[in-house]
Amino acid sequence: MAAGLKTVILLSFVLAVGFLLIILSCALWHNWLPLLVALTFVLAPLPNAVFSHCGSDDFSSHYEGGGGPIDLGRFITSLVVVTGFALPVVLAHSDVITKSACVMSIIGGGLVYGTILAYSAAFKQDESDFD
């Protein structure tokens with residue numbers, strides 16, 4: 001129980017640092033467009049979570065191929081993640097935001113998405129009811 005609590009505290013700290021970097025990249029240079037990165041990385045795991053339960057039934061083996069819906073969910077998730085990293089670069093290249101705001105936004109977005117992945121991996125429940 002204590003290891004789970006320590007994990008949650010660590011992940012919440014890293015998530016707060018990620019959001020702080022994103023908000024600072026907006027507030028320090030008075031341009032709120034990098035805040036779209038936070039929205040992008042928060043919404044990134046949703047297609048994978050929604051499509052992961054499509055096409056599976058009670059009798060399918062765990063080692064079978066994912067099929068179309070699961071691959072579509074992974075593809076949409078990867079598209080959103082690449083968009084989250086590319087959006088600040090495009091905005092910085094077009095001189096809408098500064099280069100330092102771009103770097104802070106990318107690092108903060110990576111921390112946010114990494115925290116979401118780490119939380120889902122650390123607290124993943126087994127799907128078997130008979131263990």
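- Linking ILVMFWY residues whenever their side-chain heavy atoms come closer than 4.5 Å, directly or via other members, leaves Leu24 and Leu35 in distinct clusters.
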Going through the checks in order, is the side chain to side chain contact (heavy atoms under 4.5 Å, CB included) test met by Phe51 and Ile70?
CA-CA 5 Å; Phe51 285 107; Ile70 295 174; 5.6 Å; no
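- Few gaps surround CZ on Phe85; more than 12 heavy atoms of other groups in view lie less than 6.0 Å from it.
- Interatomic distance, Leu15 CG to Phe19 CZ, rounded to the nearest 0.5 Å: 5.0 Å.
- Note: Ser105 OG to Ile23 CD1 = 11.0 Å, rounded to the nearest 0.5 Å.
- Nearest heavy atoms, Thr7 versus Ala122: CG2-CB, 4.2 Å.
- By the criterion of side-chain heavy atoms lying less than 4.5 angstrom apart, applied directly or through intervening Ile, Leu, Val, Met, Phe, Trp or Tyr residues, Ile107 is not grouped with Tyr113; the two fall into different hydrophobic clusters.
- Side-chain contact between Pro88 and Pro34 is absent, with no heavy atoms from C-beta onward closer than 4.5 Å.
- The structure places CG of Leu33 at 8.0 Å from SG of Cys26, a figure rounded to the nearest 0.5 Å.
- A pairwise comparison of heavy atoms in Pro47 and Ala44 identifies CD-O, 3.2 Å as the closest pair.
- Both Leu111 and Val103 are part of a single hydrophobic cluster, where members link through side-chain heavy atoms under 4.5 Å apart.
- Ile106 is listed as a side-chain neighbour of Val89, based on a closest heavy-atom distance under 4.5 Å.
- Expressed to the nearest 0.5 Å, how far CE of Met104 lies from CD1 of Ile22 amounts to 10.0 Å.
- Under a hydrophobic clustering in which Ile, Leu, Val, Met, Phe, Trp and Tyr are joined whenever their side-chain heavy atoms come within less than 4.5 Å, directly or via other members, Ile116 and Ile76 fall into different clusters.
- In the hydrophobic cluster analysis, where Ile, Leu, Val, Met, Phe, Trp and Tyr join through side-chain heavy atoms closer than 4.5 angstrom, Leu28 is grouped apart from Val96.
- Here the shortest heavy-atom pairing between Lys99 and Ala92 reads NZ-O, 3.2 Å.
- The only member of Val37, Val42, Leu43 that meets side chain to side chain contact (heavy atoms under 4.5 Å, CB included) when paired with Leu39 is Leu43.
- A donor-acceptor distance shorter than 3.5 angstrom exists from the side chain of Thr77 to the backbone of Asn48, with no hydrogens or angles considered.
- Thr115 contributes atom OG1, which lies 11.5 Å from atom CZ of Phe41 (distance to the nearest 0.5 angstrom).
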